[in-house]
Amino acid sequence: VLADAFVKGIGLDLMPQAAEAMRKHANQAAEDCRYGRKGIEDYVRYGYIPYDEQNETVSATQDYAFGDFCLSRILRLLGRDEEAAEYETRSLNYRRLVDPETGFMRARSREGNFREPFDPLAWGQDYCEGGPWQDSWAVYHDIRGLADALGGAEVLNKKMIELFDTPPIFHTGGYHLEIHEMSEMVMVNFGQCALSNQPSFHVPYIFSAVGHPESTQYITRRLMRDLFTDALFPGDEDNGSMAGWYVFSAMGFYPFCPASGEYTLGSPLFDKVTLHLANGKNLVIRAADNQEKNVFVRSMERDGQPYTHLYLKHDDLMRGGDFLFRMSCVPQAGRCTEEDLPYSLSRG
């Protein structure tokens, strides 16, 4: 939250204090185990949290890596580039848990061995409120780096297709009983994408991040149409996050990676949306030929000029103006360049 605000120019006078607090948070264990990063000594030592002494180590390692990225962004803004580079390197620690053989993130012991046996449908133990299908992709700051670790963008793309094609089956695993998040995933019935809970919020946008926006466009429109109705809301409304997912997606963009200063584009739900910005300007988002079957984006224009990027920068959003999506019933595949893809740390 802090890094995302600072990158957007909000609360900059608080950056020096925030940086020091976050450095302490990223390196020191709290005296009270209810606070701070649990297992931070092991994370600093091994580059991941071993499963030997605590649970949810896969989820926590990914969270800590993203936290390191956020700290690096603040340090860059403060001109402390050497320290920033250190935390950027630490933010790549997620790679230590990638298992290309299974295509999932897996917990490791202190000796570096993956936990056995492995069940991709089992929830809990090494994962928080999910299992490998839900909790292996929380690499918002380097999703193409994750793709590279798995074998390439097409490997991750196929894995995401498999995720949506796999029935919403679960094994109680480390929870030893059916928790409500499991029940909600089954009720949502959208493959292994448990949009009923936060770990899956960004998953539909991974396709765009690896160069397949047509899949993101189709899936997000299906999710908005089928799961958000007068009679249905797909899951927990924790701190407004579920409604936030819907509002962003309905406007046609989503904050895939907080602190990157970008929003990843999707498929706008409405013919016209006007954002009344705090600086007094308006951003008008229009969708031409926006029928129920026309979920794919044929082309885009920014203030009358062709726009090919799959992201919208926050600074660009804040200058207002007009953003036009031209919709189609035909997917537009294979047209993305490297420069059009959203932010990934390892790609610069």
Side-chain angles (χ1 to χ4, degrees), residues 1-5 34-35 37-38 54-67 70 104-105 120-140 143 160 163-164 166-207 216 219-259 263-264 266-267 269:
V1 173
L2 289 168
D4 193 54
R34 295 175 297 173
Y35 304 103
R37 296 192 188 186
K38 187 177 180 181
Q54 68 183 74
N55 291 327
E56 301 182 351
T57 58
V58 172
S59 297
T61 296
Q62 291 177 90
D63 286 347
Y64 294 3
F66 181 62
C70 291
F104 294 102
M105 294 266 195
L121 297 175
W123 283 42
Q125 195 170 45
D126 303 319
Y127 308 90
C128 179
E129 295 184 0
W133 275 117
Q134 292 73 41
D135 291 0
S136 294
W137 330 110
V139 189
Y140 321 105
I143 199 69
M160 292 299 100
L163 182 152
F164 283 95
T166 300
I169 301 168
F170 63 85
H171 300 152
T172 55
Y175 286 112
H176 305 298
L177 53 83
E178 182 172 334
I179 62 174
H180 70 86
E181 288 85 359
M182 299 171 185
S183 310
E184 289 161 354
M185 181 183 73
V186 175
M187 293 171 66
V188 165
N189 194 25
F190 219 92
Q192 289 288 325
C193 180
L195 199 79
S196 49
N197 204 27
Q198 288 90 341
S200 290
F201 280 3
H202 72 297
V203 167
Y205 288 89
I206 290 177
F207 292 106
T216 289
I219 289 169
T220 55
R221 285 288 285 267
R222 279 282 311 277
L223 288 167
M224 286 186 281
R225 184 191 71 192
D226 295 351
L227 303 188
F228 296 82
T229 71
D230 292 343
L232 179 65
F233 199 73
D236 288 349
E237 181 56 327
D238 289 343
N239 300 309
S241 59
M242 184 70 70
W245 185 94
Y246 178 83
V247 171
F248 271 116
S249 296
M251 290 190 295
F253 57 90
Y254 180 76
F256 183 90
C257 177
Y263 305 90
T264 299
S267 177
L269 185 61

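Scope of the values below: all heavy atoms of this structure, side chains included, with no hydrogens, waters or symmetry mates.
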Q. Which residues pass the side chain to side chain donor-acceptor pair (under 3.5 Å) test with Asp238, sequence neighbours left out?
A.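 Asp238: side chain to side chain donor-acceptor pair (under 3.5 Å) contacts with Gln198.
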
Q) If you count the non-hydrogen atoms of other residues, nucleotides and ligands that lie under 6.0 Å from CE in Met187, is the total more than 12? A)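 No, because the 6.0 Å sphere around CE of Met187 holds 12 heavy atoms or fewer from other groups.
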
Q: With sequence neighbours excluded, give me every side-chain hydrogen bond (donor to acceptor under 3.5 Å, both in side chains) pair touching residues 56-67.
A: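 Checked against side-chain hydrogen bond (donor to acceptor under 3.5 Å, both in side chains) - neighbours excluded - the pairs reaching residues 56-67 are Ser59-Asp135.
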
Check: [Y] and [X] side chains under 4.5 Å, non-hydrogen atoms:
X      : Y      : value
Val58  : Phe104 : no
Met182 : Ile179 : yes
Phe66  : Cys257 : yes

Q) Using the benzene-type ring in the case of Trp, are the ring centres of Phe228 and Phe233 under 6.0 Å apart? A)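 Close enough - the centres of the two rings lie under 6.0 Å apart.
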
Q | Residue from Ile219, Thr220, Asp226 passing side chain to side chain contact (heavy atoms under 4.5 Å, CB included) with Arg222 | A |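 The single option meeting the side chain to side chain contact (heavy atoms under 4.5 Å, CB included) with Arg222 is Asp226.
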
When rounded to the nearest 0.5 angstrom, what distance separates [atom1] in [X] from [atom2] in [Y]?
X      : Y      : atom1 : atom2 : result
Phe190 : Phe164 : CZ    : CZ    : 6.5 Å
Trp133 : Met160 : CH2   : CE    : 7.0 Å
Ile206 : Cys193 : CD1   : SG    : 9.0 Å
Glu184 : Asn189 : CD    : CG    : 14.0 Å
Leu223 : Ser267 : CG    : OG    : 11.5 Å
Trp137 : Ser200 : CH2   : OG    : 10.5 Å

Closest non-hydrogen atom pair between [X] and [Y], with its separation:
X      : Y      : value
Cys128 : Pro199 : O-CG, 4.3 Å
His202 : Phe256 : O-CE1, 3.5 Å
Ala3   : Ala259 : CB-CB, 3.8 Å
Gly67  : Arg37  : C-NH2, 3.7 Å
Ile169 : Leu121 : O-CD2, 3.6 Å

Counting N and O atoms only, with roles assigned by atom type, does the side chain of [X] sit under 3.5 Å from a partner on the main chain of [Y], one being a donor and the other an acceptor?
X      : Y      : result
Tyr175 : Glu129 : yes
Thr216 : Pro204 : yes
Ser196 : Gly235 : no
Gln134 : Gln192 : yes
His180 : Asp236 : no

Side-chain donor-acceptor contacts of residues 242-249 below 3.5 Å, not counting sequence neighbours, with atom names and distances?
| unit_1 | atom_1 | unit_2 | atom_2 | d |
| --- | --- | --- | --- | --- |
| Trp245 | NE1 | Phe201 | O | 2.9 |
| Ser249 | OG | Tyr205 | OH | 2.7 |
| Ser249 | OG | Trp245 | O | 2.9 |

